Protein chains: 2
Amino acid sequence: MVKAVKSEKKVEAAVAASKTPKYVYLFGGKDAEGDASMRNLLGGKGANLAEMSRLGLPVPAGFTISTECCTAYFKNGGQFPETLCAEVKEALAKVEKIMGRKYGDKENPLLVSCRSGARQSMPGMMDTVLNIGLTSSTIPGLIKSTKNERFVWDSYRRLIMMYADVVMEKAEGIDPVEGKGIRRLLDELLDQYKYIKDYKMDTDLTATDLKDLASAFKRRIKEVLGKEFPDDPMEQLLGGIGAVFKSWVGKKAVSYRRIEGIPDEWGTAVNVQTMVFGNKGDTSATGVAFTRNPATGQNKFFGEWLLNAQGEDVVAGIRTPSPLNKETKSEQNKHMKSMQELMPDTYKELVDIRNILEKHYHDMQDIEFTVDEGRLFMLQCRSGKRGGKAAVNMALDMLDEGLIDEATAVMRVHPNQVLEFLLPIIEPNIESKAHQLIKGLPAGPGAACGEIYFTNQDAVQADRMGKKVILVREETNPEDVEGMRVADGILTARGGMTSHAALVARGWGKSCIVGASEMQVDAANKTLRIGDIVLREGDQLTMNGSKGVAYQGALSLVEPTAGADYARFLRFMTMVDKHRTMGVRANADNPTDAKKARTFGAEGIGLFRTEHMFYGPGSAQPLFLLRKMILCVNTQDRTNVLKELFPAMKKDIKDTMTVMEEYPVTVRLLDPPLHEFVPHSQLGRKELSSALGIAEDEVHKRVDALAESNPMMGHRGVRLSVTYPEVTEYQVRAILEAAAELIVDGKKVIPEIMVPVTCDVRELEYVRKIVVRVHEEIQRRFDLKKFEYRLGTMIEIPRAALMADELARVAEFFSFGTNDLTQMTFGFSRDDTGSFMNSYLEKRMLGADPFQTIDQEGVGALIKLAAAGGRHTNPKIKLGICGEQGGDSASVEFCHNAGLTYVSCSPFRVPVARVAAAQAALKANRTAQDKD
Amino acid sequence: MVKAVKSEKKVEAAVAASKTPKYVYLFGGKDAEGDASMRNLLGGKGANLAEMSRLGLPVPAGFTISTECCTAYFKNGGQFPETLCAEVKEALAKVEKIMGRKYGDKENPLLVSCRSGARQSMPGMMDTVLNIGLTSSTIPGLIKSTKNERFVWDSYRRLIMMYADVVMEKAEGIDPVEGKGIRRLLDELLDQYKYIKDYKMDTDLTATDLKDLASAFKRRIKEVLGKEFPDDPMEQLLGGIGAVFKSWVGKKAVSYRRIEGIPDEWGTAVNVQTMVFGNKGDTSATGVAFTRNPATGQNKFFGEWLLNAQGEDVVAGIRTPSPLNKETKSEQNKHMKSMQELMPDTYKELVDIRNILEKHYHDMQDIEFTVDEGRLFMLQCRSGKRGGKAAVNMALDMLDEGLIDEATAVMRVHPNQVLEFLLPIIEPNIESKAHQLIKGLPAGPGAACGEIYFTNQDAVQADRMGKKVILVREETNPEDVEGMRVADGILTARGGMTSHAALVARGWGKSCIVGASEMQVDAANKTLRIGDIVLREGDQLTMNGSKGVAYQGALSLVEPTAGADYARFLRFMTMVDKHRTMGVRANADNPTDAKKARTFGAEGIGLFRTEHMFYGPGSAQPLFLLRKMILCVNTQDRTNVLKELFPAMKKDIKDTMTVMEEYPVTVRLLDPPLHEFVPHSQLGRKELSSALGIAEDEVHKRVDALAESNPMMGHRGVRLSVTYPEVTEYQVRAILEAAAELIVDGKKVIPEIMVPVTCDVRELEYVRKIVVRVHEEIQRRFDLKKFEYRLGTMIEIPRAALMADELARVAEFFSFGTNDLTQMTFGFSRDDTGSFMNSYLEKRMLGADPFQTIDQEGVGALIKLAAAGGRHTNPKIKLGICGEQGGDSASVEFCHNAGLTYVSCSPFRVPVARVAAAQAALKANRTAQDKD
């Protein structure tokens, strides 16, 4: 019995031991414990180092300490797990065996680097320590083995500078004294020494100089930080590992994660890798390359290199790198020697590796390499970042090369990237050197360059004189639309991503920056002040609406060509549509926009805003009549004005239906509160008074009576139908009569009438009665046997979503108005979020601006509820979305997964939505297959 | 086989026959087919006629045609169901047998009435036809049997007038020619005849006169309506039945249902009953009585009667009725003879019936009776309407009499009725004669009488001079609160039931009428215009805030006494609380209101609005500091001002906690947008500029920067905490320090900190960090071992309701802010609903104003969702409501059923909520028992 108990205990111990997680993963020697699929555990860098090792590529041996270890470290209150030290020593022994050198050895010491590596690349946000393992006892051996005393002392002083900064100061959370960190103090010592010796460059320093400096550095560190620089190799190594972990919670890294939405729980891995040196002389080098051109997508090996240098030198920009090969040479660098020329054999070896990697990864790779005394080593490989055009070109090329299949090609392009084919941009080289003047929210993508104007009239006048106009306003309102229409770019000091300016600009594909709060707009004096800089009317300004940045003066823009590039875009989009299952429509309010929408591939109009006939060119007469109607005090007068307005109402709708041919057009009944249409200026009212023959006092009284405290939640949408049914009647008549006339002409038209701001089925029933009556009248009058139409509703009020099962008794389609739905669900007025949205995003109260990307948890829950409710009552109900988020790729994916029939967005975003919808379908397919 | 098939067919036929619904229910002869429980089927009148019959009371025999028949009639396109006619005839035969007379008989004819009777009383809204069955062939027999020729011809001309109006014109939907209906035309004939004959009164008409008139009437009818007056008894009867059905969809009835919220589907029953006559001479009479005094509740038989008259004469007010008995005599009518005096035997019979009815129904009954030549008949009995005080008195009396149990006594009083014990009212006799001047929304109940003033300052000054003030404004805003506080009544032209004026008024128990849109307020000239009437500053006005009506001049008010009445109120409320399971708290912001809340029985404060220290008396200095803080442009300046504000912040909270003793006080952090607190007038800004030493331009700039398009959805609540954490920190410190000081003094205090406008758990986490830090600091500073507090959140944003499970990770309590939640869920700005709410209620788009009664379908769904989500995460979470609806009885019932811990409402509504909560508990109990 006693024995049995003992053996049980043994088993328990064994089980416990097997439960101890493995934290360290070896790589190198053409094999590895990890692979590319283990990115979550080993980080991107570690996983790819392992993968390259397995591929037999020359990777300096090393090991990765997993992200799990990082999590355990922080859980442990900043202590390594107990088993880590033993694991590290074991792994180090294996690395020593592969490399034939020993860490801390007096004769032939191995040096290592400690580098961070998270799941997702966070360039420059975490820390690195190089040359770890150099101590008073290993230095002589390294000098002997390298026969390069200067190199060794230079490496040592670099180790001291980096280590003191990263491990001894930052990782310990020590605040720099008077703002001077230890790094800067050591830099000052170096500069003083060079000044005394009258050296111009670091390379002037001799071995002896560097040795003396190393001693001085160590003394200074003791004085400032109160600790000795560690002279024990293992202490150095563990210090480096801990410092990399701690840099995960460093200020820079944390705020980067906030912006990129990377969870804090992920943690970073640490890669401990044998040091190789590109700075041992003219047989050594270092470089960075892309397996294809990342700017154009061309299938040409593309890179830069530096002879006799360390990797850090390329990144830090201390020396200008040379072109890697013939293909990389340009006007600026064609005089410099390429690696292809100077190291043809090693270059050939690198080209072979490039080919292996592309075949293996089926994607363009971004690689780092070092040549250590003629021997090539691979230090990094990852999927390379690329611009939009490059992404499309590469996807198509690789498809043609048989490297990837169609589905993969579709997935390779971020939906927003297709916009690059359509927008003018600032010449990248010029922009990279330009000085940023104004920063705001990137409300309308693309670049614009022109003269600034401060009022609607000035803008229109300047446009007539052939000027390129940038309209600058405190914020815009519907009275500014003419100025906005003529402008190439719009810049406002207030407003958010879905403010009036932003919505209009995106709809028209105009460059737009809003909420540039640091600038002060003085429209009266026609000046724009940013700090000390004052711009006046007519001054040149260049905007990058994609970034939300503006520059002083005129920077040159690059226009999208309609040529070969555009053909490739069309080919890509055709392929995209094959994989898409959800419809994509456009929001368009006139034949011009409808035409644009068709060009961009819209399959109908999901939102035709009837009120837009009162904005923009040609709107003067309709707007006057509308104002007249608004000021009527009885139904009879209102009906008379409606009769006058009717022909214009019908014309816009009919022309748009004609452009859209057989595609559906959803016409929304009047939506905004009436107050939006009346003049707010004294002058405007005076003019209206004399035009209408109504006393000025009376105009004031009637206009003021329309004012509302919170117009967004006021007398608008279907509420206008309930109070002024005659207005709805004439709108319905315009829609149905336009359709009837087209049907008589032999066209196939099924008009869709959409009711806005609904919150109860009784509102829909009320409107339906009007629609049925008018429909019968028109069917009779036009002698139509069959005259179909559809009646549907916006779901933009939370209550509508909650009552969707009832609404579906009447509505044949739902269209989610996610702008308003987001406003009501959050209680965020989109015109007023400017004052707190930045704080919310910075402090991570919100993952993203919900006016840009559907809030899937809150607003999304309502959408799903409504979709389920609607389908429960009417399984055939059509479900769409017509909010701004309809053109946002994450939101499109959400809509696909929620089972929506279509998304509708501004014409310009239609291609984005098409790509996003195709990708959503492919992802959902993949998930479904994974489940099978 | 053949036989078997046949018998199957027979069975089918029998089944089909049994499926034919029964439409007609007999009553009379001390028995009935229906009873009082069948109100839904037989209507209130029919059910009670049946019940009285069963009780053996002398009910003239008849039958009720069910509401189901009415529904079938309309379903059938206005046709009777096939089986009805046969059923009616069958029932009529039985009635004839009971009454010993035959319908349409030449010798001894039976006459009947046709009366409507819906589930719920709709007084005067539907039609009645009397004396049906009089035709050329039955008239002689009736003359013979009654020996009263004049009576018969008078009955006939009355039948013709009523029938022509109700059955032949209205029920046929005929529009009166030039506004003159047939009734009016016949009245004109009558008047002309009387004029020619020089008669003063109808009673001057002889039998011959009446016979001639009947002939003339029939000719006129033929001329105007193109149809003969029907001379066939059965045609008359069916016409009468159909007309009553049709009156269900008549204009009056429909609009009454709209107002009272009665569903259209209910339909009306028709009661066909043997006619009895109170107008056959001095042995005949008619009367209306209540089994107890409906005004005071006193247990005294109370009624009015008319000798030799028909019931219609009492109702129409043609003759002034006499008192029924000694108890009913008053100063005005003590000279008139009572029934007790003139018909002592019949009166005794009536008293016996009164006693039987009270014992049977256990409630005060409203009865109608007729004495036909000395024989007493009961024509109606129903539960009697009563005032609030009477309701309480009766409930307590009947409890003491053993007539009802405690639960029933509690159910007998409508929650709102207890308010009568607390409010001044206009002397009812005076008000009934007064001419209504202004009609608006009844925003604050109770009466007020005083002089009108148009500005805050004038109101305050008048108050100082000892005047009673009625504040008249276009609409009120926070700057008016001093004027509102001194006013006895508040009257505004704009705003809804939850406008600023309404909220403040109800909170303070002040009489208030809002949205009186017909009046024009000219504050500059200090005049108020209603049509042609102009009132000036200082003119007297009397308001009935419970009705929303105001009268010109000073009407005398009745004050609630603190004496015997009030003692009964207290006894009733004590009983109520025994049956209540849900807590009732008050919304109060200062010690004065808190004291009032305690008096009214509040068990804590559910909402202490920290911002209210900036309104009202004594607020000048805090408001100045707040404005100073708002205009600060950096955190340091803001913190300095907060330090100055701190003592005042703490004092209000501490004083309130002291008043509430051991009851909980929930303090809400700053809620409104800052723009609400800054002066909007030029003068106000100028003053602020010089007081703060900030340039006027700068004041304008900073104030304007705070303006928002939709402030309700703007920078407010917890959003201020995120952008200005220092403000929250000082508020939290004020709350916790106030509590700590009281704890040190030996008081038991658990402060509750409530975060407003939350939409995400991360906001709560952000505030929690501040609270935890401040709490630790104060606990240390005051050396407290145990210092509990609770942190909770408002649920007033739809997203908060949707994310409640997450919020409950941090929140220890939820308080539903149903004002804002209703605003966001409906997309209704409560300040702006005035322009469409009336249309919505009139057109039945909404059942009730959701700002008064919780919308159970939409907003209620969110509340249930949130309650479930919160409890899922934290089963112990406390759930309350602190919106205005917390004092609305239907909403209180909803809250009880949703399982809320407490409701919180304005102090004045606390007794209402207590009664409503007790009734909700009793109802739920009953439902639960019914299920068992």
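All values below come from the heavy atoms of this structure, side chains included, with hydrogens, waters and symmetry mates left out. A, B, ... follow the sequence lines: proteins, then strands. Residue 1 opens every chain. Please read all numbers here as calculations on a predicted model, not as lab measurements.
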- Message: Let's test your reading of the structure: which of B:Q823, B:R799, B:R716, B:E857 forms the most heavy-atom pairs below 4.5 Å with chain A?
- Response: B:R799

- Value rounded to 0.5 Å, distance of CE in B:M845 from OH in A:Y766: 6.5 Å

- Task: Please look at B:A707 and chain A and tell me whether the side chain, the backbone, both or neither of the residue comes under 4.5 angstrom of a heavy atom of that chain.
- Result: backbone

- Item | Enclosure of B:K843 NZ (heavy-atom neighbours >12, cutoff 6.0 Å) | yes

- Query: Just wondering, are more than 12 heavy atoms of other shown residues or ligands nearer than 6.0 Å to CD in A:E698?
  - Reply: yes

- Message: Please classify the contact of A:E475 with chain B as side chain, backbone, both or neither, using a heavy-atom distance under 4.5 Å.
- Response: neither

- Should A:H715 and B:S839 count as side-chain neighbours, where that means a heavy-atom distance under 4.5 Å? no

- Query: A:G827 and B:R719: which non-hydrogen atoms are nearest, and at how many Å?
  - Reply: O-NH1, 2.6 Å

- Does a side-chain heavy-atom distance below 4.5 Å link B:M713 with A:M713? yes

- Under 4.5 Å to a heavy atom of chain B? For A:P850 that would be neither

- From the list B:G714, B:A705, B:P673, the residue making the most non-hydrogen contacts under 4.5 Å with chain A is B:G714

- Item | Residue B:E474 versus chain A: region with a heavy atom under 4.5 Å | neither

- Query: Side chain, backbone, both or neither: which part of A:M712 has a heavy atom under 4.5 Å from chain B?
  - Reply: both

- Message: A side-chain contact here means heavy atoms from C-beta on lying under 4.5 Å apart; do A:M824 and B:F826 qualify?
- Response: no

- Query: Pick from B:I797, B:L862, B:V761: which one has the most heavy-atom pairs with chain A under 4.5 Å?
  - Reply: B:I797

- Message: Does B:D697, at its CG atom, have more than 12 non-hydrogen atoms belonging to other residues, nucleotides or ligands within less than 6.0 Å?
- Response: no

- Task: State, yes or no, whether a side-chain contact exists between A:R844 and B:E765 at a heavy-atom distance under 4.5 Å.
- Result: no

- What option among B:C759, B:P711, B:A861 has the most heavy-atom pairs under 4.5 Å with chain A? B:P711

- Assess whether atom CZ of B:R529 is packed by more than 12 heavy atoms of other residues, nucleotides or ligands within 6.0 Å. no

- Taking atom NE2 of A:H700 as the centre, does the number of heavy atoms from other residues, nucleotides or ligands within less than 6.0 Å exceed 12? yes

- Is any side-chain heavy atom of A:E763 closer than 4.5 Å to a side-chain heavy atom of B:Y840? yes

- Message: Keeping A:D832 on the side-chain end and B:N710 on the backbone end, is there a donor-acceptor pair under 3.5 Å?
- Response: yes

- Message: Can you tell me which portion of B:D820 sits under 4.5 Å from chain A's heavy atoms? Options are side chain, backbone, both or neither.
- Response: neither

- Sidechain-backbone polar pair: A:D831 side chain, B:S709 backbone, donor-acceptor under 3.5 Å: no

- With only heavy atoms counted, which part of B:M803 is less than 4.5 Å from chain A, the side chain, the backbone, both or neither? side chain

- Taking B:L802, B:T723, B:V722, B:D760 one by one, which has the highest count of heavy-atom pairs under 4.5 Å against chain A? B:V722

- NE2 of A:H680: more than 12 outside heavy atoms within 6.0 angstrom? yes

